[in-house]
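Note sheet for the following structure.
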Amino acid sequence: MEKSSEKLSMEALVSFAKRRGFVYQASEIYGGVAGMYDFGPYGSELKNNLKRAWWQSVVNKRTDVVGLDSAIIQHPRVWEASGHTERFADPMVDCRACKHRFRADKVVDIDSTDQAELIEGLKHTNCPNCGKNDWTEPRSFNLLVETSLGSIEGEKQISYLRGETCQGIYTNFANVIDTTRVKVPFGIAQIGKAFRNEITPSDWLFRQREFEQMEMQMFVHPDDAEKVFESWKAERMAWQQAIFGSDAVRFREHGPNERAHYAKAAFDIEYNYPFGFKEMEGIHNRGDWDLSRHSKYSGRDLSYFDEARQQRFIPWVIETSVGVDRLFMATLHHAYDEEEVNGETRTVLRFRKDLAPVKVAILPLSKKPELSKLATEVFGTVSGDYYAEYDETQSIGRRYRRQDEIGTPYCVTVDFESLEDGAVTVRERDTMKQERIKIDELKQYLSDQLKG
Ligand code: GAP
């Protein structure tokens, strides 16, 4: 077992995230709901910034990927075609002694859902709750979350909240081909909520019942699938390393007993969470599973005629799928740092600057009306371009610390000299270096700095 990241325990991360307005337990005033979380003022900014960075990289900067935003509830047949009603399941096991329920592969700690391997593993594993060894047989538990549509009682139609966002991409494959100029190979990307009735929601944002995915499905000729798979693996790893460096992320290949029902090949990009290296993103070669199943179940021919090849075929799918919440959790964990400054501990979130929730804080040195007036003007010049905060309460030192704790890259102090020389002091988060900048040049200065 790998050494987990030691810099911040899970408990400390969760409590810090709440204290600083990043993440709250959903419905907390009613006692909360297991596996559901709400994102606070800074959390929602960070999440949006992560989603924007992904979208820019996967859609905007490329010529071969387009975007989509499909419905959460699709026709129930979609989930039959996809194989989810039949096979989207985890092995569940109960302890007869204490009645606690677990995911069998997690209790045994193996990357396999093979029944014989699970039974063998359970023989040697005691219940984490009561310490006894009295297990039921592992049973398959379907993860789709059911809902119903319709207004007449008794005639309501069972539907499902999507278990993965990509199904809406496959059902729109023909629409996108018919209405845009894309040609195979091309990709469709989407960001959105997904829902799974996880047996044991756990590890904070890591295993939730409602979460968000950023998925890209590349449609390719079967002969190109392996090459495209390798190029997306490299591309996604480079993207992750640009946030986390190369030590905190790594690849892990799925074994044959572990792969999802649709996958011919699967690699995870794992991050070194407080509980060790675990999946943050999946990259899958899904073969022709998706389009051939939807062709069969819908009766609509989803094959593609390739003019250059003069050939008709069912495109294969290369998928990249990253959970926004797992990425969020890793980003917060990775950014967290503590250092000694003048005999005090400074907590600082060293976010990559484009990901920081607040980009700049405007801090008048005191609440004197003439300073507040100038500081409000300075706030007005930057707040249209960046998420800025205005704060005039408490000492300047306390206000710097507060901004460090939410990872704000720049603090701008308006002091009495500013009234004379039309300049402000700009303090950089990581180095704490201060520079005097003319107010008329501040916008350009911040734009140059934040670009880096
Ligand atoms: N379309 C493929 C797919 O859904 P997956 O490996 O089941 O593949 C992709 O999920 C990503 O979604 C995972 O790598 C993870 O980041 C995220 N994810 C899956 N289940 C999750 C859960 N219960 N809570 C939070 N994130 C989850």
Side-chain angles (χ1 to χ4, degrees), residues 23 26 33-37 39 47 50-51 54 68 70 72 74 78-79 82-84 87-90 103 105-106 111 113 141-145 160-171 187-218 229 232-233 236-237 239-240 243-244 249-255 258-271 273 275 277-287 289-290 293 317-331:
V23 182
V33 185
M36 308 277 184
Y37 290 91
F39 290 78
K47 211 174 175 207
L50 286 165
K51 290 194 270 187
W54 183 85
L68 184 85
S70 70
I72 284 176
Q74 301 280 342
V78 167
W79 302 103
S82 69
H84 281 73
R87 300 191 220 179
F88 188 49
D90 280 334
R103 229 180 99 171
D105 54 329
K106 298 294 165 203
D111 292 322
T113 52
F141 175 79
N142 194 288
L143 301 182
L144 279 177
V145 176
Y160 304 99
L161 303 186
R162 63 186 174 197
E164 55 178 7
T165 59
C166 56
Q167 294 304 325
I169 293 181
Y170 309 135
T171 55
I188 303 179
Q190 108 161 296
I191 300 177
K193 291 272 187 174
F195 302 82
R196 296 183 187 177
N197 199 0
E198 294 285 353
I199 298 168
T200 44
S202 53
D203 295 322
W204 195 39
L205 307 179
F206 189 83
R207 196 172 306 287
Q208 298 173 82
R209 288 182 166 137
E210 173 178 340
F211 55 98
E212 218 167 348
Q213 290 185 317
M214 303 195 282
E215 300 203 299
M216 188 289 311
Q217 314 294 312
M218 196 87 193
F229 182 62
W232 274 101
K233 262 175 66 190
R236 293 304 305 147
M237 181 53 104
W239 190 85
Q240 297 284 11
I243 301 177
F244 303 110
V249 282
R250 68 177 191 191
F251 278 124
R252 189 181 70 82
E253 185 171 10
H254 281 212
E258 189 192 349
R259 272 182 231 144
H261 58 270
Y262 49 73
K264 282 190 169 341
F267 276 79
D268 289 342
I269 296 179
E270 298 187 325
Y271 173 78
Y273 291 102
F275 41 85
F277 275 99
K278 289 278 179 234
E279 175 183 352
M280 175 158 61
E281 170 156 9
I283 299 146
H284 310 129
N285 177 348
R286 299 178 66 124
W289 167 265
D290 303 288
R293 291 277 292 195
V317 168
I318 303 302
E319 163 180 80
T320 72
S321 175
V322 55
V324 179
D325 311 74
R326 289 190 191 180
L327 179 65
F328 177 102
M329 187 173 158
T331 306

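In listed order, ligands and their atoms are each counted from 1.
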Given the rule in the salt bridge (Lys or Arg N to Asp or Glu O under 4.0 Å) test, do E198 and R209 qualify, once you have shown the distances and angles that lead to the verdict?
CA-CA 6 Å; E198 294 285 353; R209 288 182 166 137; over 6 Å; no
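Taking the six-membered ring where tryptophan is involved, the planes of Y273 and Y271 are perpendicular, since the angle between them exceeds 60° and thus also 30°.
Around ligand 1 you find E164, C166, R196, E198, L205, F206, R207, Q208, F211, Q213, E215, Y262, E279, M280, E281, G282, H284, R286, E319, S321, G323, R326, each with a heavy-atom distance below 4.0 Å.
Q167 places none of its side-chain heavy atoms less than 4.5 Å from the side chain of R162.
Between G168 and Q74 the shortest heavy-atom distance is CA-NE2, 3.9 Å.
One distance of note links OG1 of T171 with CG of L68; it measures 8.0 Å at 0.5 Å rounding.
One finds no salt bridge joining K193 and E164 here, because no Lys/Arg side-chain nitrogen approaches an Asp/Glu carboxylate oxygen to under 4.0 Å.
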